[in-house]
There are 2 protein chains.
Amino acid sequence: MDETPREPGAPTALAVGLTAAIVAATGEEPRVLVVRTPHGADALPSGPLEAQHRTLEAGLRSWVERRTHQTLGYVEQLYTFGDRDRRETDGEGAQRALSLGYLALVREARTAGAADASWQSWYRYFPWEDWRGGPPEAIAALEPPLREWAAQGGKLGEERLRLNFGLGGARWNEERVLERYELLYEAGLVPERVRDRKEGAPLPEKVRGVAMAVDHRRVLAIAIGRLRGKIKYRPVVFELMPPSFTLSELQRVVEALSGVRLHKQNFRRLVEQQGLVEETGESRAETGGRPARLMRYRREVLVERLAPGVRLPAMRRG
Amino acid sequence: MDETPREPGAPTALAVGLTAAIVAATGEEPRVLVVRTPHGADALPSGPLEAQHRTLEAGLRSWVERRTHQTLGYVEQLYTFGDRDRRETDGEGAQRALSLGYLALVREARTAGAADASWQSWYRYFPWEDWRGGPPEAIAALEPPLREWAAQGGKLGEERLRLNFGLGGARWNEERVLERYELLYEAGLVPERVRDRKEGAPLPEKVRGVAMAVDHRRVLAIAIGRLRGKIKYRPVVFELMPPSFTLSELQRVVEALSGVRLHKQNFRRLVEQQGLVEETGESRAETGGRPARLMRYRREVLVERLAPGVRLPAMRRG
DNA sequence: TCCCATATGCTCATTTTGAGCAATTCAGGG
DNA sequence: CCCTGAATTGCTCAAAATGAGCATATGGGA
């Protein structure tokens, strides 16, 4: 690994694979590309790392493009998983598997290349993450079993619950997607946990979300959390937008990703003040109301601002 | 890697190693644990991934603790590198090596366990990153060759330069450590590039920084950038502080990490208003001036605040 | 023509920053 | 015992950013 291995013995040889959360935004929904395993489970596209590419990212791109006929825009490495107990089917002596998780953003959500691939709203897997229409029903349904679980863990568990699910007056933090999922996992409320440990989870799918193969829901949780954080200080939303769009369309995509409703006038003030967009000169009617100006992304903002991104002027009351 | 490999063929078997940037803060300096290779080069501690641990992080901890006799506090995965041309010595058919980079924070900088390990200020490797005493000399020395290089690349190169090095009036962004290092690498101004491509780099060590083995300086750059960003919204600085400390000591550590001077009164206002610390009741003289109150970290801040961390009220003028 | 549904403009109170002046409080020296 | 130096603390004030909400503009259709 090093020019000078400090410990005797060569590096361990491992099986390494890639898993990609490929995200688009169409029709007010944040979508992720999922495939279906022969067992009928939803899964993220994943496959082996190929040796012939110069960089990991290049390998990911070529593999995804070949497999899904999607051209990837923005690509970001998320996390490398290496838990030994990741592969359920293997015994103690199994070779350790390593999995590199990636987030990729694509502009157009074509109906996929492979026949078994489809675009799904990511809230299908995380129903408790969508607060656009007020506190989601899933939260109400999850609260009692969560509280029960937390009570056993004592003070610490209750604080985690409060912090992550915004229960005891604490504010909802839309970025803590992974923390919430892991808490639900620990509490035995998601089917993956049942699959892994054979405990009971009598919750309906609308509450606990649709399960995914292996740890793919965890990868997706990381992807969502990262993206929700990143749009605030990097202009990555525009990777999901068409070349020209109205401010309302932009707002709806940001709301879809972050899962919260935003204050319209303040949203446009922020976006325009930061210089993230400029008018194209054209406008579009279609909505039934006053026609909206069409805008386009201003690349120059990158050199002008330290942290150009879409702040979230959330609706607090009303 | 998946229950159902979508492409024929098993996952590639790879050699996987760990590289750790182990950071402490002592005596006004941010320090990193470095070892020396037989070739005499500085390197981060690195070694093979061991199969017997349940998680990657557990493997890292046990390996570092065995090797350096340091107990790790906070640990965070940084990035996984897999560039095929990473191992200089190998030819085309070489097995690809994967390297997992980690950041770890330790409270006390003991003089290391292994005889060949030592704590070094990280500015030894990145002299242009330390703006505590005003614009560093390294920047002045790097500017001409950088501009020359950028001029060849046209508009785009010049904008990158402006953005990353805060040259044409743009503000210095202390988080872009990796971007700056990579820009210098591309411009052929750091010795690693020379080693890799045999080009000339006539700059003194005080300007271009001390080189490190393989891509370790890149790993360290990522570690510094991540830490600089993270202290702003997560209370990670306290992982580097003793149990009780004065506000000035805290400020000096934050300044050491971020590489900028902060406005004293505003710094304390922020830290106290956020509820990051509380008084222990004791105070400490020693400094020659008015004795300072001793403070301790308040864990409760985690549940009270969405993003508890040390904002940087930088000195602009004065 | 009137109405509906948006888009857009603007105001105002509140908070959060950025800067800097001033008072406090110890140790030490005359 | 008083004065001075060196920090630590306390406070003030203007400027900028944020949170909320009212008011106006402008198209398509009833």
Side-chain angles (χ1 to χ4, degrees), chain A residues 28 171-172 232-233 244-255 258 260-296 304-318, chain B residues 28 171-172 174 232-233 244-255 258 260-295 304-318:
Chain A
E28 322 255 313
R171 274 242 303 269
W172 176 257
K232 295 179 190 166
Y233 60 92
S244 76
F245 47 83
T246 70
L247 288 177
S248 293
E249 287 166 353
L250 179 64
Q251 179 176 350
R252 277 192 290 273
V253 169
V254 173
E255 288 176 337
S258 62
V260 297
R261 279 259 163 264
L262 304 179
H263 184 284
K264 186 163 186 161
Q265 296 93 323
N266 291 344
F267 176 79
R268 5 176 95 238
R269 177 173 61 188
L270 282 175
V271 167
E272 293 192 306
Q273 263 181 10
Q274 290 221 36
L276 283 165
V277 298
E278 64 191 0
E279 299 189 43
T280 66
E282 294 165 291
S283 67
R284 166 154 48 194
E286 295 187 2
T287 51
R290 172 173 173 174
R293 294 170 297 162
L294 282 175
M295 315 296 271
R296 76 167 72 91
E304 294 164 4
R305 294 241 152 209
L306 276 190
V310 199
R311 301 302 180 292
L312 302 185
M315 305 277 304
R316 295 289 145 73
R317 303 169 203 169
Chain B
E28 320 256 314
R171 273 243 304 271
W172 176 258
E174 78 282 346
K232 295 179 189 166
Y233 60 93
S244 77
F245 47 84
T246 70
L247 288 177
S248 293
E249 287 166 353
L250 179 63
Q251 180 176 351
R252 277 191 292 272
V253 169
V254 173
E255 288 176 336
S258 61
V260 298
R261 279 258 164 264
L262 305 179
H263 184 284
K264 186 163 187 159
Q265 296 93 320
N266 291 346
F267 176 79
R268 8 178 91 237
R269 177 174 61 187
L270 282 175
V271 168
E272 293 191 307
Q273 264 181 8
Q274 290 222 38
L276 283 165
V277 298
E278 64 192 358
E279 299 188 43
T280 66
E282 292 165 291
S283 68
R284 166 156 44 194
E286 295 186 4
T287 51
R290 171 172 175 175
R293 294 170 297 162
L294 282 175
M295 315 296 271
E304 294 164 3
R305 294 238 153 211
L306 276 189
V310 198
R311 302 302 181 290
L312 301 186
M315 304 277 305
R316 294 287 145 75
R317 301 168 206 171

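As the structure is a computational prediction, the values presented were derived from the model and not from experiment.
Counting any heavy atom pair closer than 4.0 Å across all strands shown, B/T246 reaches no nucleic acid atom. Among the protein residues, A/A285 comes within range of no part of the nucleic acid, since none of its heavy atoms lies under 4.0 Å from any strand.
Across the protein-nucleic acid pair, B/M295 atom CE and D/dT9 atom C1' stand 11 Å apart, rounded to whole Å. A/E279 places its CD atom 8 Å from the P atom of C/dG9, with the value rounded to the nearest Å. For the pair B/Q265 CD and C/dA22 P, the interatomic distance rounds to 13 Å; values are reported in whole Å. Computed from coordinates, the A/L270 CG to D/dA17 C1' distance equals 9 Å when rounded to whole Å. The CZ-P distance, from B/R171 to C/dT17, rounds to 13 Å in whole Å. Distance CD (B/Q274) to C1' (C/dT15): 14 Å, rounded to an integer number of Å. With rounding to whole Å, B/N266 atom CG is found 15 Å from D/dC11 atom P. Residue A/F267 contributes atom CZ, which lies 18 Å from atom P of D/dA17 at whole-angstrom precision.
Mapped onto DNA chain D by nearest heavy atom, B/L294 and B/G289 fall at different nucleotides, with B/G289 at the one closer to the 5' end. Each of B/Q273 and A/G288 lies near DNA chain C, and the nucleotide nearest A/G288 is the one positioned closer to the 5' end. The residue among A/L247 and B/H263 whose nearest nucleotide of DNA chain C is located toward the 5' end is A/L247.
For D/dT9, its base never sits under 3.5 Å from the side chain of B/R290 at any donor and acceptor pair. A donor-acceptor contact under 3.5 Å is not formed by the side chain of A/R269 with the base of C/dG9.
The two residues A/R311 and A/A307 come nearest to each other via the heavy atoms NH2-O, 3.0 Å. Pairing each heavy atom of B/E272 with each of B/R293, the nearest pair is OE2-NH2, 3.0 Å.
Between atom CZ of residue A/R261 and atom CZ of residue A/R252 there is a gap of 9.0 Å, rounded to the nearest 0.5 Å. Considering CD of B/E28 and CD of B/E249, their distance stands at 9.5 Å, rounded to 0.5 Å.
Considering only side-chain N and O atoms, A/K264 lies under 4.0 angstrom from the phosphate OP1 or OP2 of C/dA7. A sub-4.0 Å separation between OP1 or OP2 of D/dT18 and a side-chain N or O of A/R311 is absent.
B/V254 places a side-chain heavy atom less than 4.5 Å from the side chain of B/F267.
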